[in-house]
Visitor: 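Before I ask anything, let me first share the structure, which is written out below as structure tokens.
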Amino acid sequence: MAKFRADPSSSKVDLGVGVYRDLSGNTPVLASVGRAEQAVLAAQTTKSYVAAAGREEFNGAVEEMVLGPAHAARRDRRARTTQTPGGCGALRVGAELIRAAAPAATVHVSDPTWGNHTPLLGSSGLRLERYPYYDPAAHRLRFDAMLEQLERAAEGDVVLIHACCHNPTGADLDPQQWQALAQLLARRHLVPFLDLAYQGFAGGLEADAAGVRLVAAQVPEALIAVSFSKNLGLYRERTGALIAIGENETRADAMLSHMLQIARSIYSMPPDHGAAIAAHIFANPELKGEWLEELAAMRTRIADMRGLLARHLHEATGDPTFDFIRLQHGMFSLLGVSVEAVERLRDEHHIYMLSDSRMNLAGITPHNVAYVANAIARAT
Ligand SMILES: Cc1ncc(COP(=O)(O)O)c(C=O)c1O
């Protein structure tokens, strides 16, 4: 980020950041969020604490949005939700819960995975191991290798799974693969820890929760880390939740009580402002409709840029190597090129991405796409 800022070139392109950007390169406050914020501020009469679990109405709405209104875990009262400071807060509280309940458990994370997963989960003292997930050079999932490795995991181990819009690869499981994974988790007594940070960015709120709902219906226990940083654009307001599903009501109650104890020992109470805005939107049909339209616009813009970049790369290189970009989901894809190529793109063409060649498709615009495609064709 510092190198990008210091680069005086007028043609520089930032594909490195981890936030959504519109066609003008801005990360806007959504109109629905702005309106909800006004209403929240107008109604607010105190800054006193809310509660250790945050807002009840937020937690209820999140649970319904993630699991759906009729999920068995909710019907059987086995789901408990607490508001957390963003998805990171949920991941961290979840990690501490695992550490307290099963200190010997290994957490299996995808190879590759989001860079923050390692510190967020590892600093709780848990052992992390990687399972094969994606081959960046071949641009495809390593699903068989993934199942093979998870088949050998110890009973009671935890498997961290990106619910949709895998970061950094953009490669998600299809419905059959979700089904096979859910069956393996249930049969091998593995505990899924689902990371849902991009609900609505791939196919819509319902479609993007399908994998989570499927897995949660087939296992006795699960954890789900939810983030509203991206889909509500609430990044700095730290708005998220941790959903715990227990084997029965008593176990679920115990999980919630532990979660709150852990939260108390880290940050005491979650911040309220973002959750108040989110809860206001979720409870107000008109605002919710407006938000869903804005979410669809973000989703469509990213999908459009994926198609556009893939087409320009096909033209610039004369081969279909980069066609995979069109088919992947969410903001990120791995270009799948060497560190040297990433450096050439930066030093010779002023195009910035992470050294593993993760690029944020929300940094592409119709204006810069030809420039980016030609540079990639030359640098790789
Ligand atoms: C895979 C993944 N999980 C979780 C998060 C949580 O983000 P936040 O703590 O900002 O809500 C992110 C954000 O970039 C992410 O990419």
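Start at 1 with the first residue, then count along the sequence. Counting starts at 1 for both ligands and their atoms, following the listed order.
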Visitor: Can you name the atoms of ligand 1, numbered from 1 with element, that are less than 4.0 Å from a heavy atom of Gly86?
Guide: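 Atoms satisfying the 4.0 Å criterion: 9 (O), 11 (O).
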
Visitor: Report yes or no: is the cationic atom of Lys12 (NZ for Lys, CZ for Arg) under 6.0 Å from the centre of the six-membered ring of Phe4, at an angle within 45° of the ring normal?
Guide: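 Yes, Lys12 sits over the ring of Phe4.
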
Visitor: Could you tell me the residue and atom name of the protein heavy atom closest to atom 7 (O) of ligand 1, and the distance to it rounded to 0.1 Å?
Guide: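 The closest heavy atom on the protein side is Ser227 OG, 3.9 Å.
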
Visitor: Polar-atom distance check: Ala197 versus ligand 1, any N or O pair below 3.5 Å?
Guide: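 No, no N or O pair falls under 3.5 Å.
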
Visitor: Please identify which atoms of ligand 1 are closer than 4.0 Å to at least one heavy atom of Arg238.
Guide: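 Those qualifying, in numeric order: 8 (P), 9 (O), 10 (O), 11 (O).
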
Visitor: Would you mind checking which non-hydrogen protein atom is closest to atom 12 (C) of ligand 1, with the distance to 0.1 Å?
Guide: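 For atom 12 (C) of ligand 1, the nearest protein heavy atom is Trp114 CH2, 3.5 Å.
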
Visitor: I need the nearest protein heavy-atom contact for atom 8 (P) of ligand 1: residue, atom name and distance, please.
Guide: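 Its nearest protein heavy-atom neighbour is Ser229 OG, 3.3 Å.
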
Visitor: Provide, to 0.1 Å, the distance between atom 14 (O) of ligand 1 and the closest protein heavy atom, together with that atom's residue and name.
Guide: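 Sorting protein heavy atoms by distance from atom 14 (O) of ligand 1 puts Lys230 NZ, 2.7 Å first.
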
Visitor: Does the separation of the ring centres of His329 and Tyr198 fall below 6.0 angstrom?
Guide: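 No, the ring of His329 stays outside the 6.0 Å limit from the ring of Tyr198, centre to centre.
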
Visitor: Between Phe201 and Tyr20, what is the ring plane arrangement, given parallel below 30°, perpendicular above 60°, and tilted in between?
Guide: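 Rings of Phe201 and Tyr20: perpendicular, as their planes differ by over 60°.
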
Visitor: List the closest protein heavy-atom neighbour of atom 16 (O) of ligand 1: residue, atom name, distance to the nearest 0.1 Å.
Guide: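 Checking every protein heavy atom, the shortest distance to atom 16 (O) of ligand 1 gives Tyr198 OH, 2.7 Å.
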
Visitor: Among protein heavy atoms, which lies nearest atom 1 (C) of ligand 1, and at what distance?
Guide: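 Ranked first by proximity to atom 1 (C) of ligand 1 is Asp195 OD2, 3.4 Å.
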
Visitor: Determine, for Glu206 against Arg213, whether the closest basic-nitrogen to carboxylate-oxygen distance falls under 4.0 angstrom.
Guide: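 Salt bridge: yes.
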
Visitor: Decide whether the shortest distance between a heavy atom of His166 and an atom of ligand 1 is less than 4.0 Å.
Guide: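 His166 does not count as a contact of ligand 1 under the 4.0 Å cut-off.
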
Visitor: Please confirm whether Tyr235 comes under 4.0 Å of ligand 1, counting heavy atoms of the residue only.
Guide: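 The answer is no, since Tyr235 has no heavy atom less than 4.0 Å from ligand 1.
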
Visitor: Aromatic rings Phe228 and Phe282: how do their planes relate, parallel, tilted or perpendicular, breaks at 30° and 60°?
Guide: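 Tilted.
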
Visitor: Are any of the N/O atoms in Cys88 less than 3.5 Å from those in ligand 1?
Guide: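 Yes - when backbone and side-chain N and O of Cys88 are compared with those of ligand 1, one distance drops under 3.5 Å.
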
Visitor: Please report whether ligand 1 has a polar contact with Thr239, defined as an N or O pair separated by less than 3.5 Å (distance criterion only).
Guide: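 No.
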
Visitor: Do Glu348 and Arg378 meet the salt-bridge criterion of a basic N to acidic O distance under 4.0 Å?
Guide: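 Looking at Glu348 together with Arg378, the answer is no, because their closest N to O distance does not fall below 4.0 Å.
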
Visitor: If you measure from the Lys or Arg side-chain nitrogens to the Asp or Glu carboxylate oxygens, is any gap between Arg152 and Glu129 under 4.0 Å?
Guide: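 Looking at Arg152 and Glu129, the cut-off is not met.
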
Visitor: Between Glu340 and Arg344, does any side-chain N to carboxylate O distance fall below 4.0 Å?
Guide: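 Between Arg344 and Glu340 there is no salt bridge, as every charged N stays at least 4.0 Å from the carboxylate O atoms.
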
Visitor: Is there a side-chain contact between Cys164 and Leu196 in this structure, where contact means two heavy atoms from C-beta onward sitting under 4.5 Å apart?
Guide: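 Yes; the side chains approach each other to less than 4.5 Å.
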
